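Throughout, a chain's letter reflects where its sequence line sits, starting with A, and its residues are numbered from 1. Only a predicted model underlies this, so the values are computations on that prediction, with no experimental measurement involved.
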Protein chains: 2
Amino acid sequence: MAMAKPSRTRRITIADVARAADASVSTVSRVLNGIGTVDPALAERVRLAIEELGYRPSAAAQGLARGRSGTIGVLVPDLANPHFSDLVKVFSAAVRDLGARVLVMDSDEDPAVERELAEDLIRYADGLLLCAPRMPRADLAALVARGLPLLVANRQEPGLALHSVCIDVHGGLLAVCGHLAQLGHRKVAYLAGPEGSWANRERLRALSGARSFGLEVTVLACGSLTDDGYAAGPAVLDTDATAVVAYNDFVALGLLSRLTELGVRVPGDLSLTGFDEIDLARYSSPPLTTVAVPRYDLGRAAGEALARLMAGEDDLESRTLPVELRVRESTGTA
Amino acid sequence: MAMAKPSRTRRITIADVARAADASVSTVSRVLNGIGTVDPALAERVRLAIEELGYRPSAAAQGLARGRSGTIGVLVPDLANPHFSDLVKVFSAAVRDLGARVLVMDSDEDPAVERELAEDLIRYADGLLLCAPRMPRADLAALVARGLPLLVANRQEPGLALHSVCIDVHGGLLAVCGHLAQLGHRKVAYLAGPEGSWANRERLRALSGARSFGLEVTVLACGSLTDDGYAAGPAVLDTDATAVVAYNDFVALGLLSRLTELGVRVPGDLSLTGFDEIDLARYSSPPLTTVAVPRYDLGRAAGEALARLMAGEDDLESRTLPVELRVRESTGTA
DNA sequence: ACGGACTGAGAAAGCGCTGTCTCATCGCCG
DNA sequence: CGGCGATGAGACAGCGCTTTCTCAGTCCGT
């Protein structure tokens with residue numbers, strides 16, 4: 001004989017609390033939100049009832065009544081990438097201080113999915129943070145037109161009144177180039193990152209700027225993962241470059257591993273740079289020359305910016321955060 | 001003269017759509033949810049109106065009316081740890097197929113915060129996934145008592161009817177010990193992970209089990225980060241161990257780096273093992289002997305289990321997923 | 001002792017949906 | 001040709017809160 005399911009106990013509502021505390025629903029609400037004045041004794045009774053019943057206001061009902069959900073949608077291309085999980089972590093801590101929660105979605109680097117998820121997030125969220133969106137400009141514009149507070153991290157789109165916070169990728173890679181040039185390198189290979197990525201475009205822009213100080217750049221399609229860097233080993237050796245600029249630290253470490261296997265010494269035979277400074281960069285052998293990006297500040301800045309957007313300030317200028325070159329032992333004279 | 005703020009345009013509601021399509025609200029709802037039968041012509045008119053107005057149903061209103069939010073709460077100790085961000089990623093993809101979204105919170109490894117966030121998540125979510133919760137048993141019990149679908153990943157609590165999916169940490173570390181014993185090691189040092197962590201307790205249990213095949217274990221407090229491993233270098237050398245079992249790959253790689261700096265050869269002077277198999281493990285020099293855990297399967301399994309819990313099935317047995325020892329070059333004969 | 005300014009607290013109208021109930025309408029069989 | 005089951009579609013009552021409005025007391029000045 002099948003045991004009846006324990007019939008999901010009815011939700012405890014504010015009315016239950018009111019009844020238990022012998023107060024009105026409005027009063028309970030007041031106590032809950034600390035709005036208006038309530039007689040201390042009554043308030044205490046209410047608090048007690050809340051405690052005893054284990055009452056928690058329904059987020060849906062609050063959201064509906066208040067007209068805002070207290071939720072911010074965050075869209076990332078790949079949550080498994082520490083760059084983004086770090087950002088989400090910091091951002092979510094930042095907005096929690098504002099009383100907001102974060103709904104994360106992962107587009108798996110697919111621009112089409114990205115648009116769709118963003119539309120879905122809108123239904124839930126009071127504001128949106130788009131991290132390094134790969135979607136076409138038109139989609140981005142459509143999203144902006146929806147009118148809800150929208151912030152973009154690490155992408156700029158000239159002419160599209162986009163509020164954004166960005167890392168100074170261009171400046172960072174320029175610094176890398178300067179460093180390499182100073183060491184006497186003339187020919188460098190660049191292991192390129194994801195196609196649609198703004199960060200990749202910025203790096204390319206810096207690279208072409210670096211021609212002005214005599215750098216000759218070969219661009220090799222690669223990717224953003226350790227495996228991609230490892231795989232790129234032979235291709236790199238096919239060039240006559242004396243230095244390799246990897247898209248990021250993962251790629252650099254993957255390549256470093258392959259080079260070590262192949263008996264190529266770093267920086268003796270080949271100099272190598274990364275980007276983003278992951279923890280392990282200081283711990284590889286040799287330690288990696290890379291660019292430190294202010295992850296924490298980025299998340300923080302995004303949180304603040306979105307807070308202000310949601311408060312109705314619309315005169316926000318976009319911010320670009322400075323980066324810092326970290327010279328270590330993976331780079332040497334040509 | 002200050003430009004008036006564009007007065008946040010009123011939300012487009014289902015009523016607007018009904019009006020535009022010259023249909024009733026109920027009909028629009030039917031079309032939206034594909035429930036009941038609607039005349040094809042009318043349905044088409046509705047769809048058109050939705051399209052034209054750019055209407056999106058409010059998640060809050062739907063949630064309130066339906067009695068469920070379509071959101072699942074996920075609580076992790078540290079989203080910056082790839083172990084968890086990977087899990088969240090896979091899990092969230094898994095439950096999206098169910099039409100659910102994921103609300104992530106990060107407790108920063110603080111058991112007290114953990115409890116609080118979990119309580120908050122309940123207000124938003126239809127179900128909860130607690131990842132490697134560090135909270136005391138009593139708090140966990142209180143959460144279970146709340147009655148909503150609750151799943152725990154990587155923690156077991158005997159006697160607490162907890163639905164869980166776990167990695168076979170014990171088995172994995174036992175395999176590591178066996179491997180080391182076979183190589184002739186007798187004295188090993190264990191770099192311990194976070195205090196409250198079940199995974200750490202399981203490792204310790206395996207270690208004490210390993211005494212049966214003659215292993216003598218020194219436990220050193222450490223942590224779960226690369227830096228912790230790096231810092232533990234001298235302490236490790238103070239022991240007379242011939243092999244080091246690190247809490248995870250990060251710790252192992254940190255230690256490896258320090259050992260390299262100190263001129264200690266791995267595995268010549270000291271064997272070293274990790275756990276969790278991060279990407280970089282194969283790319284260190286030497287490549288790291290570690291334990292591969294089925295991250296993907298874990299997320300998948302969690303998604304399925306929670307789906308079934310939410311469907312009312314309460315007879316779920318807990319699952320433990322098998323792991324695999326990956327022998328590489330960081331371990332050698334004693 | 002009486003009117004005006006406050007203060008504390010309840011009643012009730014939404015918020016934007018869903019889902020049930022009800023009501024037309026229509027085709028069809030007897 | 002009347003009655004009956006289908007079928008399509010609207011009305012309406014919630015869902016659990018917030019918030020305005022209203023009202024009964026209080027406290028004071030005159």
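Look at A:Ser24 and you'll find a side-chain N or O under 4.0 angstrom from OP1 or OP2 of C:dG10. Here A:Gln62 does not reach the OP1 or OP2 of D:dG16: none of its side-chain N or O atoms lies under 4.0 Å away.
Across the protein-nucleic acid pair, B:Asp39 atom CG and D:dG10 atom C1' stand 15 Å apart, rounded to whole Å. In this structure, the CD1 atom of B:Ile14 is 13 Å from the C1' atom of D:dG10, given to the nearest Å. Atom pair B:Tyr124:OH and D:dG16:P shows a separation of 17 Å (rounding to whole Å applied). Rounded to a whole Å, the CZ atom of A:Arg11 is 13 Å from the P atom of D:dC15. Rounded to whole angstrom, the span from the CG atom of A:Leu42 across to the P atom of D:dA24 amounts to 19 Å. Note: CZ (A:Arg68) to P (C:dG16) measures 14 Å, nearest angstrom. Taking atom CD1 of residue B:Ile35 and atom P of nucleotide C:dT20, one finds them 9 Å apart after rounding to whole Å. In this structure, A:Asn33 places its CG atom 10 Å from C1' of D:dT19, rounding to the nearest Å.
In this structure, CZ in A:Arg137 is found 5.0 Å from CD in A:Glu157, a value given to the nearest 0.5 Å. Note: B:Leu321 CG to B:Cys166 SG = 8.5 Å, rounded to the nearest 0.5 Å. Interatomic distance, A:Asp22 CG to A:Leu42 CG, rounded to the nearest 0.5 Å: 8.0 Å.
Across D:dC17, D:dT18, D:dA9, the shortest atom-to-atom separation from the side chain of A:Tyr55 is found for D:dC17. Closest contact between the side chain of B:Ala23 and the listed nucleotides D:dG10, D:dT7, C:dT18 involves D:dG10. If you check C:dA9, C:dT7, C:dC17 against the side chain of A:Val38, the one that comes closest is C:dA9. Side-chain proximity of B:Ser58 to the nucleotides C:dT18, D:dG16, C:dG16 is greatest for C:dG16.
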* Asked: Does the side chain to side chain contact (heavy atoms under 4.5 Å, CB included) test come out yes or no for B:Leu143 and B:Arg115, once each step is laid out?
  -> CA-CA 8 Å; B:Leu143 243 31; B:Arg115 167 70 188 276; 4.3 Å; yes

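Counting only N and O atoms by type, the side chains of B:Ser29 and B:Ser26 include no donor and acceptor under 3.5 Å apart.
Within 4.0 Å (heavy atoms only), A:Leu32 reaches no atom of the nucleic acid at all. Within 4.0 Å of A:Thr27, counting heavy atoms only, lie sugar-phosphate atoms of the nucleic acid but no base atom. B:Ser26 comes within 4.0 angstrom of a nucleotide base, judged by non-hydrogen atoms across all strands.
If you find the closest nucleotide of DNA chain C to B:Arg30 and to B:Arg56, the one lying nearer the 5' end belongs to B:Arg56. Annotation: of the two residues near DNA chain D, B:Ala61 and B:Gly36, the 5′-most nearest-nucleotide partner is B:Gly36.
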